Amino acid sequence: MRVLRLKKKKEISGVLKTGRRAHAESVTIVYFPAKETRAAVCVGKKFGKSVRRNRIKRLLREAFRTNAHGMKPCAILLIPKVAEEYSYARFERDLRKLFKREKLFES
RNA sequence: CGAGCGGGCUACGCGGUCGCGGCGUACCUCUGAGUACGAUGAGGAAAGUCCGGGCAUCGCAGGGCAGGACGCCUGAUAACGUCAGGUGAAGGCGACUUUAAGGACAGUGCAACAGAAAUAAACCGCCGCGCUUUUGCGCGGUAAGGAUGGAAAGGCGAGGUAAGAGCUCACCGACGGGACGGUAACGCCCCGUGCCAUGUAAACCCCGUCCGAUGCAAGUUUGGGCUUCGUUCACAUAGGGCUGCCCGUCCGAACGGAGCCGUGAAUAACGCUUGAGCUUAUCGGUGACGGUAAGCCUAGAUAAAUGACCGCGCUCGACAGAACCCGGCUUACAGGCUUGUCUCGGAUC
RNA sequence: CGAGGCGUAGCGCAGUUUGGUAGCGCGCUUGGUUCGGGACCAAGAGGUCGUGGGUUCAAAUCCCGUCGCCUCGA
């Protein structure tokens with residue numbers, strides 16, 4: 001399935017204001033119920049140079065994409081935490097944990 | 001064999017599954033977009049933004065001052081602060097490397113401390129004369145020696161002298177003139193001048209050359225109509241425009257606020273990738289580079305696309321991600337491959 | 001994309017224009033004063049001048065490169 005992206009600044013700041021937060025070891029999510037599932041990844045300058053930032057975005061995006069099946073539709077922000085090392089396995093594990101805890105799966 | 005020097009190339013590869021950007025074709029359609037297939041999709045530095053240009057706009061912008069950049073010569077180039085070939089200088093046994101390398105009789109400034117003296121001369125010395133004659137004092141000559149300093153009046157040897165001194169001579173250096181070679185920087189040879197005068201222009205400056213400003217968030221198109229108010233100006237003055245200023249020149253209109261309806265508004269499209277383009281061959285040139293022919297089309301996103309997992313191989317993979325586009329410079333970088341009538345040392349024939 | 005500024009002792013700043021000695025305040029150490037502490041007085045320590053080159057006899061200062069931080073404009 002295709003994951004829609006969350007683009008507009010208004011929408012993002014809206015989610016940040018009114019959304020619900022949940023934290024894990026490697027990532028924080030902020031979400032708000034919506035008509036369709038739309039996601040955005042936030043990686044600022046503090047994470048390093050562009051190659052490093054791109055790497056984080058790709059890992060996180062991929063982890064979200066492969067685990068977003070059967071989710072309740074919502075607008076969601078994915079915010080990684082600053083760390084020495086980033087791996088796909090850790091992002092995937094933490095995202096699954098968060099989705100379960102917040103009961104975002106429909107079934 | 002060892003140690004070097006110079007140049008060039010490359011930047012993990014292959015296969016499978018899932019996924020992303022734009023493109024083409026086909027299909028469906030609720031006109032929002034979607035589905036399938038196909039080919040395609042980051043770099044040598046994409047980086048830093050240090051230079052140069054294209055392109056765009058500012059009413060095509062002429063002159064002067066100010067300001068900035070550059071600075072051996074010749075060439076290459078669209079242009080350059082870049083590159084190539086040379087000259088001089090410095091370093092290295094050498095291959096070779098480095099070089100902001102115009103001007104200090106146009107002027108101004110600075111040279112701390114030390115030292116007698118820093119652009120001007122005599123502290124200790126040395127020598128002569130006079131006095132005294134144990135020491136020494138005075139006058140004069142001198143710049144060889146000592147001491148200070150980054151720098152002390154060309155260097156070194158010989159002659160010469162009371163002691164000395166380019167005072168004289170040879171060699172080297174400097175300056176001036178001439179011949180020859182070279183497009184030139186300059187080289188080399190000959191002759192002359194005993195050489196009245198330091199360093200610093202990455203101090204101000206002088207000379208020569210060049211520079212209009214702003215930058216793709218440039219800019220173009222679409223999206224709007226009505227009412228009302230205000231400011232400046234149309235003889236001159238004044239006002240306005242692309243830079244700090246002045247002169248010249250151009251303009252007849254330009255700008256701003258409020259309300260109503262309408263409204264996607266850091267929005268959509270264009271700019272946006274065919275270009276001083278790339279590859280191969282060949283010709284000219286020492287070379288940078290240029291000419292000709294054939295072939296090729298090779299990212300174009302806009303919160304921003306290259307990833308994840310599995311398998312195999314090896315040397316176990318560095319620095320690092322296009323954002324208008326080119327030419328350079330600078331900086332970062334695991335390694336691997338390759339090359340030379342190249343250099344030095346050792347051994348052997 | 002473009003423009004500008006800063007980096008000096010543990011902290012906050014002078015010194016850079018015009019090159020020769022790095023200084024001020026707070027803090028620190030030692031001594032004095034006090035019954036003791038504070039305040040005060042006296043003495044002292046402490047700086048690769050962000051970093052790598054260059055110019056110069058000599059560089060915190062002049063020039064070039066580079067690193068980090070901050071601010072501003074579109």
Side-chain angles (χ1 to χ4, degrees):
Chain A
M1 74 173 259
R2 186 178 146 84
V3 176
L4 292 170
R5 282 180 300 205
L6 191 63
K7 290 184 179 180
K8 309 245 172 172
K9 193 175 180 180
K10 280 182 190 171
E11 297 177 294
I12 290 175
S13 46
V15 172
L16 276 173
K17 268 186 183 172
T18 59
R20 187 175 156 78
R21 288 161 195 265
H23 305 273
E25 196 181 331
S26 64
V27 65
T28 297
I29 63 169
V30 182
Y31 67 95
F32 190 75
K35 284 184 180 174
E36 50 188 1
T37 299
R38 285 142 68 80
V41 179
C42 301
V43 182
K45 274 266 171 91
K46 63 180 174 182
F47 291 88
K49 296 193 174 185
S50 57
V51 171
R52 203 173 156 81
R53 295 200 304 269
N54 277 341
R55 173 78 184 159
I56 294 166
K57 278 189 267 183
R58 283 163 188 161
L59 288 172
L60 202 50
R61 210 179 281 144
E62 178 69 16
F64 179 78
R65 189 185 64 78
T66 49
N67 293 288
H69 300 275
M71 266 183 72
K72 292 176 186 168
C74 63
I76 182 164
L77 289 178
L78 307 173
I79 307 165
K81 294 186 177 173
V82 177
E84 290 283 308
E85 291 275 336
Y86 298 92
S87 74
Y88 174 74
R90 272 185 63 186
F91 280 137
E92 187 172 46
R93 193 193 63 207
D94 287 344
L95 276 183
R96 283 188 172 183
K97 211 191 286 176
L98 286 175
F99 291 166
K100 257 190 185 172
R101 199 198 294 159
E102 299 295 319
K103 301 193 169 101
L104 283 172
F105 290 116
E106 270 180 338
S107 51

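Naming convention: chains lettered A, B, ... in sequence-line order (proteins, then strands); numbering from 1 in each chain. These numbers were taken from a predicted model, which means no experiment stands behind them.
In a base pair of the Watson-Crick type (N1 to N3 plus N6-O4 or O6-N4) or a G-U wobble (N1-O2 and O6-N3), with each distance short of 3.5 Å, B:A36 is matched with B:U25. Taking a pair to require two hydrogen-bonding distances under 3.5 Å in either a Watson-Crick or a G-U wobble arrangement, B:A258 pairs with B:U227. Using Watson-Crick or G-U wobble geometry with both donor-acceptor distances under 3.5 Å, C:G20 finds its partner in C:C57. Base-pair partner of B:C131: B:G136 (Watson-Crick or G-U wobble, both distances under 3.5 Å). As the counterpart of B:A122, no nucleotide is assigned, since no Watson-Crick or G-U wobble pattern has both distances under 3.5 Å. Base pairing of B:C272 is not made with any nucleotide, judged by Watson-Crick or G-U wobble geometry with both donor-acceptor distances under 3.5 Å. As the counterpart of B:U331, no nucleotide is assigned, since no Watson-Crick or G-U wobble pattern has both distances under 3.5 Å. The partner of B:C9 is B:G336, judged by Watson-Crick or G-U wobble contacts that both fall below 3.5 Å.
For B:U273, the glycosidic angle deviates from 0 by 90° or less, giving a syn base. In this entry the base of B:G340 is anti relative to its sugar, with a glycosidic angle more than 90° from 0. Base orientation of B:G44: syn, since the glycosidic angle falls within 90° of 0. Here B:U183 is in the anti range [glycosidic angle more than 90° from 0]. B:A42: glycosidic angle within 90° of 0, hence syn.
The separation between A:Leu60 atom CG and B:A305 atom P is 14 Å, rounded to whole Å. Atom C1' of nucleotide B:U306 and atom CZ of A:Arg61 are separated by 11 Å, given to the nearest angstrom. One interatomic measurement links the two molecules: CG of A:Leu78 to C1' of B:A303, which rounds to 13 Å at whole-angstrom precision. Rounded to an integer number of Å, the gap from A:Phe91 CZ to B:G307 C1' is 13 Å. The nearest whole Å value for the distance from the CD atom in A:Glu92 to the C1' atom in B:G307 is 14 Å. Note: CZ (A:Arg55) to P (B:A305) measures 14 Å, nearest angstrom. Straight-line distance from the CD atom of A:Glu62 to the P atom of B:A305: 14 Å, rounded to whole Å. When rounded to the nearest whole Å, the span between NZ of A:Lys57 and C1' of B:U302 equals 12 Å.
Under the 30°/60° scheme for interplanar angles, the aromatic rings of A:Phe91 and A:Tyr86 are found to lie parallel.
With both ends at atom C1', the span from C:C62 to C:C72 equals 29 Å, rounded to whole Å. A distance of about 30 Å separates the P atoms of B:A288 and B:C211, rounded to the whole Å. Using atom P as the reference point in both B:G177 and B:A76, the two lie 33 Å apart (nearest Å). Taking atom C1' on both nucleotides, B:A266 is separated from B:U10 by 44 Å, rounded to a whole Å. When the C1' atom is compared between B:U209 and B:U198, the two are found 33 Å apart, to the nearest whole Å. Using atom P as the reference point in both B:G155 and B:C127, the two lie 23 Å apart (nearest Å). With C1' as the reference atom, B:A101 and B:C186 are 14 Å apart, rounded to whole Å. When the P atom is compared between B:C172 and B:C189, the two are found 9 Å apart, to the nearest whole Å.
Between A:Asp94 atom CG and A:Leu78 atom CG the span is 12.0 Å, to the nearest 0.5 Å. Summarising the geometry, atom CZ belonging to A:Arg93 is positioned 6.5 Å from atom CZ belonging to A:Arg90; distances are rounded to the nearest 0.5 Å. Atom-to-atom distance recorded for A:Ser26:OG and A:Glu92:CD is 11.0 Å, nearest 0.5 angstrom. From A:His23, atom NE2 reaches atom CZ of A:Arg101 across 9.5 Å, with rounding to the nearest 0.5 Å.
Residue A:Arg65 places its side chain closer to B:G19 than to any other of B:U306, B:G19, B:C309. Candidate nucleotides B:A42, B:A320, B:A308 were compared by shortest atom distance to the side chain of A:Lys49, and B:A320 ranks first.
Dashed line: the shortest gap from a side-chain N or O of A:Arg58 to OP1 or OP2 of B:U306 is under 4.0 Å.
Between A:Leu95 and A:Phe99 there is a side-chain heavy-atom pair separated by less than 4.5 Å.
With the nearest nucleotide of RNA chain B identified for both A:Thr66 and A:Ala89, A:Thr66 has the one nearer the 5' end.
Scanning both residues, A:Pro80 and A:Leu60, for their nearest heavy atoms gives CD-CD2, 3.8 Å.
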